[in-house]
Amino acid sequence: MSIRDIGLALLVILIWGINFVVIKIGLHNFSPFLLAGLRFTFVAFPACLVIARPKVPLHLLAAYGMSISFLQFSLLFLALKLGMPAGLASLLLQSQAFFTLLFGALCLGEKIQPHHILGLLIAIVGMLCLAQTSISSTHPSGMSLFTLLLTLGAALSWGIGNIVNKIILQRYRVEPLRLVVWSAFIPILPFFACAWIIDGKEAIWHSLEHTNGVDILIIFYLAILCTVVGYAIWGSLLGKYPTPTVAPLTLLVPVVGLLSATFFLDESLSYPQILSVVLIIFGLVINSFAPRLISYLRFAKR
């Protein structure tokens, strides 16, 4: 990759990593469903005026929007609202890689390699350790078993969305940004409907009436920077370079997420939680890099 493209990749990783802190702050004034609804409203508008609709059947567009947008962010935002630390959420959400592997094998007949199984087992041990600490009343992070399961549910939804995305890309020639923008119409009504039913119209109007400059910047960050700009840059990099060169860089997102949560939100982890984080990251690294590491070791022996 060129220096310019490395810089763009790192910019996207920075935007996506800090995203979890921004969501956490945004949830101070907005409910999870209202904030998510506002986010996707401004992803769809005004981008739809300049980005053409992808030629994808409505049922596939709906499946993509409901899985990777509505279900994922409903569960993630709710988990963050109920106490899930932003840093841990950024890490646990990366378990979508394993859900994608499993669904790919079940739905698309893709083969799971031994290093995928090893990485999954190591990550599962790390998640079980996190679950154990969440049951304890002494951990300082504010995480509970319920918020842990909500976050894993968000990762599972992302995994389902990835499979729908693969099906769309296999059958149709679609630019990822066009898919992101136009699929954003799908979850808007469900988000606002949930906000109306669960929060009530009084709470919605109260949040909107007390919206300040910080809230507007948060919505702009989530909708424009994190979604439109982030996916536009990432899609261009995937178009220029092989997927194995670009995709593993997303492993830096939870690193940025954990560091930014520590710096901006003063989140802290207990030693058992730190060990759990290390195990999960190690499992993700094996899942993504094991074949490359093995080839490097074989080359070094020659």
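Any value given below was found using the heavy atoms of this structure, including those in side chains, with hydrogens, waters and symmetry copies removed.
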Could you tell me whether a side-chain N or O of Thr227 sits under 3.5 Å from a main-chain N or O of Leu222, the two making a donor and an acceptor? yes

Compare all side-chain heavy atoms of Thr151 with those of Met143 and state whether any distance is below 4.5 angstrom. no

I'd like to know if the side chain of Lys81 reaches the main chain of Leu27, judged simply by a donor and an acceptor atom lying under 3.5 Å from each other, with no hydrogens or angles considered. yes

Has Ser74 got a side-chain atom pairing as donor or acceptor with Leu71's backbone, closer than 3.5 angstrom? no

Hey, does the side chain of Lys24 reach the backbone of Met84 with a donor-acceptor pair shorter than 3.5 angstrom? yes

Using only atom types and a distance under 3.5 Å, with no angle test, would you say the side chain of Trp158 pairs donor to acceptor with the backbone of Ser95? no

Any side-chain heavy-atom pair of Asn287 and Ile122 under 4.5 Å: no

Do Leu92 and Phe282 sit in one hydrophobic cluster, given that two such residues count as connected whenever their side-chain heavy atoms are within less than 4.5 Å of each other, even indirectly? no

Just wondering, do Leu148 and Met127 contact through their side chains at under 4.5 Å, heavy atoms? no

Hydrophobic clustering (ILVMFWY, side-chain heavy atoms < 4.5 Å, transitive) - are Val214 and Leu225 grouped together? yes

Side chain proximity check, Leu8 to Trp234, heavy atoms < 4.5 angstrom: no

Indicate the atoms forming the closest heavy-atom contact of Phe20 with Leu80, along with that distance. O-CD1, 4.5 Å

Check Ile68, Leu169, Val174, Leu60 against Leu179 for a side-chain contact (heavy atoms from CB on, under 4.5 Å) and give me the one that passes. Val174

Check whether any side-chain heavy atom of Glu175 lies under 4.5 Å from a side-chain heavy atom of Ile51, and answer yes or no. no

